[in-house]
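A short worksheet on the structure shown next.
Note that the structure is a prediction, hence the values are computed from the model and not measured. Counting begins at 1 with the first residue of the sequence.
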Amino acid sequence: MEHFDIILTLARIALDAEGPRATQQIERLRDSLSKTDEEQAAKLGRLLTRSDRRHTMAPLAMEEMRTTAEAARRQLPGETLSPSTPLPSDRETGTPLARVIFPNADVAEAPILNAPLKAAINDLLGEWKHVEELARFGSRPNLRCLIYGPPGVGKTKLARHLAKQLGLPCVEVRLDGLMSSFLGTTARNIGALFDFANRYRCVLFLDEFDAVAKARDDAQEIGEIKRVVNTLLQSLDSRNGKGITIAATNHEHLLDGAVWRRFDARIEMQRPTPETREELLTGFLSPIVLRPGELRFLIWATEGMSGADIEILIDTGKRFLVLHGHHFPDAKSNMAKSEAVRESARSALILEGLRRQAALNARMFAPGRAALITGPIDALDQALSKAGLNQAERGLVLGLSQSAVSRRSKRGEMTTETDVHA
Ligand SMILES: Nc1ncnc2c1ncn2[C@@H]1O[C@H](COP(=O)(O)OP(=O)(O)OP(=O)(O)O)[C@@H](O)[C@H]1O
Ligand SMILES: [Mg+2]
């Protein structure tokens, strides 16, 4: 079918905006295409499967969330924390020691996770729905959980999300802030913070948890810092049965056995896989919708990056687009024919935007990747070919003659590496 790329993009936009009504028409198109062009029919099929997964997961997740939150509320003791509850503060400066994020806040939207981790988190939350059965086996849901992994992979986001899924306010404290204050008051502040968390039904979230270990290394007054660390360990024990505690760190190797043992669940967050990067990119790019080849190019370019890096890359990229011409159809716009023509220039903009960023911030990219992006087109073409992008996709993202590529494609001469440069 002619202009199939454009039709595929339109189908994706329609599925995002319209769901069921669009699904029906795109299924008809897939069935009729399957008689003439199996590859195109398969592409539409994949689009439908992905969209179906998105549309059917949302309401289920809401229902699960309600039952999980009810179970957590039933099981955990304590008073109800409200926005008017006074927060614990440093006695001398009056600075609050924590901030509270309530479960209805937008900041706690779900992080995008690699598949095995997503499953593990679902299990962790699922334990709350089986509290009675667990009790029969002398067990109970995990109450203390340590999240660790490299910077910017979504640890803080996951902790907030867990609290939200449990329907509990998240009492959030950055330990580095707490530990850097005058040592004498630090122990007192830790005490006040845990008294507060133990009194109310909440998740206590200790972010930047490695500050405990770092303080121990940097300490001038060894005896005093030991006292602070011991206070923290005892305080962690004092939460036993009172509520949920989550700690996050990107220096897990600094935590000693005594601290490590205090957490029943230890969750390792790794850098996103290609599938997860696709989800992250699609989410951050919204409302811009990319064609499959363009998306695959970005999935390749972002290998090794954290979610935070990808967010910065796309954010900077969007600013670049606004400055240098916006050729991208979005979910709301009706793409006119002239727009479709202009669209052919957009892939060049993606490459140009990436080149700009690779030149400015090479360390954001995996080793050698910035050099490939900014270097000669032949080497980049070869790298993309190794990464599995087909010739049409490479032609698209590298700005190599589209018509030449499609003419060759029709003649079935697209199999040799050198063709694309001709
Ligand atoms: N897996 C993810 N899903 C969605 N967004 C993500 C993800 N990872 C990172 N981000 C984006 O990056 C930002 C930083 O994430 P977050 O602060 O949770 O990372 P972190 O692992 O806690 O980093 P640090 O180690 O520096 O504290 C988030 O606000 C979010 O926008
Ligand atoms: Mg963090």
Side-chain angles (χ1 to χ4, degrees), residues 3 5-18 47 54 106-107 109-112 152 154 157 272 274 276-366 369-375 377 380 384 389 393-402:
H3 306 307
D5 261 353
I6 299 173
I7 286 167
L8 198 63
T9 305
L10 286 172
R12 187 176 308 111
I13 295 170
L15 283 170
D16 277 348
E18 274 290 338
L47 192 66
R54 270 206 308 272
D106 290 345
V107 281
E109 72 189 28
I112 293 165
K157 209 173 171 64
T276 313
R277 292 206 297 283
E278 178 173 354
E279 264 190 79
L280 283 163
L281 284 163
T282 313
F284 293 142
L285 276 162
S286 170
I288 295 169
V289 182
L290 294 189
R291 285 181 285 195
E294 295 166 331
L295 198 54
R296 291 186 69 186
F297 177 39
L298 286 183
I299 294 168
W300 171 84
T302 53
E303 189 179 323
M305 286 190 190
S306 67
D309 289 335
I310 295 174
E311 186 174 30
I312 293 169
L313 183 86
I314 297 304
D315 194 47
T316 321
K318 279 181 172 171
R319 274 183 270 131
F320 179 83
L321 283 182
V322 170
L323 287 183
H324 297 278
H326 192 308
H327 301 274
F328 289 81
D330 64 38
K332 290 185 201 85
S333 73
N334 283 324
M335 195 174 42
K337 232 180 175 173
S338 58
E339 280 290 301
V341 175
R342 282 208 298 148
E343 209 196 333
S344 65
R346 66 190 217 167
S347 298
L349 270 178
I350 296 181
L351 178 58
E352 197 43 46
L354 265 184
R355 283 192 160 145
R356 193 72 63 92
Q357 293 198 47
L360 290 174
N361 191 359
R363 287 179 57 186
M364 178 185 236
F365 294 80
R369 203 137 295 190
L372 275 173
I373 291 167
T374 51
I377 209 90
L380 181 56
L384 293 181
L389 269 78
E393 290 171 336
R394 272 145 49 214
L396 176 76
V397 297
L398 300 178
L400 298 169
S401 161
Q402 276 286 331

Query raised in the report: Got a second to check how far L280's CG is from T302's OG1, nearest 0.5 Å?
Result: 8.5 Å
Query raised in the report: Rounded to the nearest 0.5 Å, what separation is found between the CD atom of E393 and the CG atom of L295?
Result: 10.0 Å
Requested in this report: Enter the distance from I299:CD1 to E278:CD here, rounded to the nearest 0.5 Å.
Outcome: 4.5 Å
Requested in this report: Could you check if a side-chain atom of R291 sits within less than 4.5 angstrom of a side-chain atom of L8, using non-hydrogen atoms only?
Outcome: no
Query raised in the report: Can you name the side chain to side chain donor-acceptor pair (under 3.5 Å) partners of T276, sequence neighbours left out?
Result: N114, T273
Query - Flag, side chain of S286 to backbone of T282, donor-acceptor distance under 3.5 Å - result: no
**Report entry** Results of side-chain contact (heavy atoms from CB on, under 4.5 Å) for E311 - residues two or more places apart only
**Finding:** F284
Requested in this report: Only counting residues at least two apart or in another chain, list the ones meeting side-chain contact (heavy atoms from CB on, under 4.5 Å) with T316.
Outcome: I312, R319, Q357
Query raised in the report: Does R369 have any side-chain contact (heavy atoms from CB on, under 4.5 Å) partners at least two apart in sequence or in another chain, and if so, which?
Result: W300, E303, F365, A366, I373
**Report entry** Close side-chain approach of I314 to I288, heavy-atom, < 4.5 Å
**Finding:** no
**Report entry** Residue pair P272 / M305: nearest heavy atoms and the distance that separates them
**Finding:** CD-O, 3.2 Å
Query raised in the report: Any side-chain heavy atom of L354 sitting closer than 4.5 Å to one from V397?
Result: no
Query raised in the report: Looking at residues at least two apart in the chain, or sitting in another chain, which of them share a side-chain contact (heavy atoms from CB on, under 4.5 Å) with E279?
Result: I112, K118
Query - E294 side, atom CD; L349 side, atom CG - distance, nearest 0.5 Å - result: 10.0 Å
Query raised in the report: What closest approach, in Å, do R12 and L290 show between heavy atoms, and which atom pair accounts for it?
Result: NH1-O, 2.7 Å
Report task. Identify the two heavy atoms, one from R355 and one from T374, that lie closest to each other, and give their separation to 0.1 Å. Result -> O-CG2, 3.7 Å
Query raised in the report: I310 versus L281: any side-chain heavy-atom pair under 4.5 Å?
Result: yes
Report summary line: Separation between CG (L298) and CG (L285), nearest 0.5 Å, reads 6.5 Å
